[in-house]
Amino acid sequence: MDEKKEENEVQGLNFIEAEVAKDLEEGRNNGRIQTRFPPEPNGYLHIGHAKAICMDFGIAKKFNGTCNLRFDDTNPVKEDVEYVDSIKEDIQWLGYQWQNVYYASDYFQQLYDLAIRFIKEGKAYVDEQSAEQIAAQKGSPTVPGTNSPYRDRSVEENLKLFQDMTDGKVEDGKMVLRAKIDMASPNMHFRDPIMYRIITTHPHHRTGWKWKVYPMYDFAHGQSDYFEGVTHSLCTLEFEVHRPLYDWFIDQFADSDYRPKQREFNRLNLTYTVMSKRKMLQLVKEGLVRGWDDPRMPTICGLRRRGYTPESIHDFVYNKIGFTKYVGLIDMSVLESCIREDLNKRANRVCGVVNPVKLVLTNYPDNQEETVQMENNQEDENAGMRDVPFSKECWIERDDFMEEAPKKYFRLTPGNEVRLKGAYIVKCTGCKKDENGNVVEVYAEYDPLSKSGSGTPESNRKIKGTIHWVSVKHALEAEVRLYDRLFSCENPGEDKERDFHEMLNPDSLKIVKAYVEPSLANAKALDHYQFQRIGYFNVDPDSKPGALVFNRTVGLKDSWAKIANK
RNA sequence: UGUUCCUUGGUGUAAUGGUAGCACAUCAGUUUCUGGCACUGCUUGUCAGGGUUCGAAUCCUUGAGGAACAACCA
């Protein structure tokens, strides 16, 4: 019985959750669960961070623990408050709330005192070689390193020199504090890792000019976890090699059985985009995108502006990609299917014509107009109906007319009938072309008895094709931004041969003039819609009444395009 | 020729010694006043060899392939 129950509990847990469950069961750290999300405030959060956020906050939620936000702000050269604010905003938008906000810089004094203790115990020394010399002595993964000539200084000398570093008496780069461990260790991270370096050129965004020495990641992260009482320090796979050092540092000074546990999971890689901060920064700095929140960026703010919902991202992370130790590459189509699924339920349907051509109903009275009713969302029974004006001339998609159509083309072509969504059945009679052969107007005759919902036998006729439309007289002009993948190759981050710029998709953004139905006049920023038969769109923050701007979040699946391409 | 980690359909992920399943993608249908949604069905998989076992994707072993690590970055 008990065995059965245990099995059920382990079901559906990823490997990290399973380990946490086990720790809990064994009473590790008094049954306490505490995690942290530790971003460095040197860039905007991206979808890969969203995965880590779901893990860190999700574990705390699932096991009744707490999760804190801790900024890993140990390098003032790169960090800035600008990023602190955006990071907080993005986490909350994703639907998570931290227990406390902490900063690694909160622990600068504590870390410093600990460094002094290491020196006094003969476990750290001041090295005054150049970065190049130190690197040369490190050896390589296959060749052991050699000891620094300064490795065996006296405690007193080390203490004095570290004090000089602290007091700003030493120039940047002239001295570092290193842990004295093992220059021959097969793990490179044990070859006397640097604990402190001197930075006097930049003020810290929180401590100003107070400190001249700053701790390195390996000496700051694990210790911060320990000071805070973190029980599970979850991070990505590249830190796996750091784990023995993480444990080593803590073992040197821990005074109880409590131990934080670092565990690693795979980071997210997505096709047709890049996730490295360096490359994203390059995209922004070089103006290759319009900013960190450009809807083509994989940033949280970019996805938000693009029309992604927190729910869709959560579904993607938890139910679609999972957490493992295998470094894979997720197809963008998986993310796209998540947002389609979410928006299918919540986005109201509207008519928007993105590539317009005029349709004239030759037998419809010239000045007549009328109102037809359309369902807002047939996937949501509470969504209701709306009125849409109809008249003799309508904008329709260029793609919905072909003078000479192939088989299985169910749209307008001379002699063929289609249903104008929510209105009438019309029969195509021809078109007008300009001197270059471009279609400028399409002609059709409507069947007055076929009005949708009228219940007449004519209205109930089965017509193979239904197209959307917007009355010319009532149409609102809108700017529509059609986004496509940012890169034209699957894994731009991996391709070291080709230049980054060459791999960019030149058609990642197309801006078009579109016509939308008048109900959209007061659409608010970030509102989601489905432009029927076209795709999901949301209102860009640039949008204003009278100057509407829409972003294409993602297109609808288009099985006609597949047939047509064959 | 070091250390650590990884390898299940095209992609990602389940199966925790006992029926290899799911999602996305693909293909073929049904349905449809969205060529959407929904529904049905097809195809495709345990990296290789050896061992333990009544039974192995799972445990052991050898090999192959891949990743991370040589920043005064995190």
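Reminder, nothing fancy here: chain letters follow the sequence lines and each chain counts from 1. Because the structure is predicted, anything quoted here is derived from the model rather than measured.
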>> If I pick the C1' atom on B:U31 and the same atom on B:C22, what distance separates them, to the nearest angstrom?
In response: 25 Å
>> Roughly how many Å apart are B:G45 and B:U8, using the C1' atom of each and rounding to a whole number?
In response: 6 Å
> How far does the P atom of B:U4 sit from the matching atom of B:U43, given to the nearest Å?
Replying inline: 43 Å
> When rounded to the nearest Å, what value does the distance between P atoms of B:G12 and B:U34 take?
Replying inline: 36 Å
>> Are A:Phe265 and A:Phe323, when compared by the centres of their aromatic rings, separated by less than 6.0 Å?
In response: yes
>> For the P atoms, the ones on B:C60 and on B:G18, what distance do you get once it is rounded to whole angstrom?
In response: 16 Å
>> Under 6.0 Å between ring centres: does that hold for A:Phe71 and A:Tyr83?
In response: no
>> Distance criterion of 3.5 Å, no angle test: do you see the side chain of A:His242 paired donor-to-acceptor with the base of B:A74?
In response: yes
> In whole angstroms, how far is the P atom of B:U26 from the CD atom of A:Glu336?
Replying inline: 11 Å
>> Whole angstroms only, please: what is the CD-P distance between A:Gln532 and B:U32?
In response: 17 Å
>> Using ring-ring contact (aromatic ring centres under 6.0 Å, His included), reason through A:Tyr196 and A:Tyr214 one step at a time and then give a plain yes or no.
In response: CA-CA 5 Å; A:Tyr196 271 86; A:Tyr214 290 91; 8.5 Å; no
>> Can you measure A:Leu329 atom CG to B:A25 atom P for me and round it to whole angstrom units?
In response: 16 Å
> OP1 or OP2 of B:C69 sitting under 4.0 Å from any side-chain N/O of A:Lys138?
Replying inline: no
>> Please determine whether a side-chain nitrogen or oxygen atom of A:Ser185 lies at a distance below 4.0 Å from atom OP1 or OP2 of B:U3.
In response: no
> For B:A68, which nucleotide in any strand shown is its Watson-Crick or wobble partner with both distances under 3.5 Å?
Replying inline: B:U3
> How far, in whole Å, is B:A15 from B:G49 if one measures between their P atoms?
Replying inline: 25 Å
> What integer distance in Å separates A:Met195:CE from B:C72:C1'?
Replying inline: 14 Å
>> I want to check one thing: is the phosphate of B:U4, taken as OP1 and OP2, less than 4.0 Å away from some side-chain N or O of A:Lys325?
In response: no
>> Taking only side-chain N and O atoms of A:Thr142, does any of them lie within less than 4.0 angstrom of OP1 or OP2 on B:A70?
In response: no
>> Distance check, C1' atoms only: B:A14 and B:U19, in whole angstrom units.
In response: 15 Å
>> Looking at A:Lys462, I'd like to know whether one of its side-chain N or O atoms comes within less than 4.0 Å of OP1 or OP2 on B:C33.
In response: yes
>> So, OP1 or OP2 of B:A68: does either fall under 4.0 Å of a side-chain N or O from A:Asn266?
In response: no
>> Measure CG/A:Asp331 against P/B:C24 and give the value in whole Å, please.
In response: 13 Å
>> Would you say A:Lys464 places a side-chain N or O within less than 4.0 Å of OP1 or OP2 belonging to B:C33?
In response: no
> Does A:Trp560 stack onto the base of B:G35, taking stacking as ring centres under 5.5 Å apart and planes under 30° apart?
Replying inline: yes
> Counting only distance, no hydrogens or angles, is the base of B:G36 paired donor-acceptor with the side chain of A:Gln378 under 3.5 Å?
Replying inline: no
> Is the shortest side-chain N/O distance from A:Arg197 to OP1 or OP2 of B:C73 below 4.0 Å?
Replying inline: yes
>> Between B:G35 and A:Arg411, counting only base atoms on the nucleotide and side-chain atoms on the residue, is there a donor-acceptor pair under 3.5 Å?
In response: yes
>> Below the 4.0 Å mark, does B:C37 have OP1 or OP2 next to a side-chain nitrogen or oxygen of A:Lys557?
In response: yes
> Taking the same atom, P, in B:U11 and in B:A70, what whole-Å distance lies between them?
Replying inline: 29 Å
>> Any side-chain N or O of A:Ser333 below 4.0 angstrom from OP1/OP2 of B:C24?
In response: no
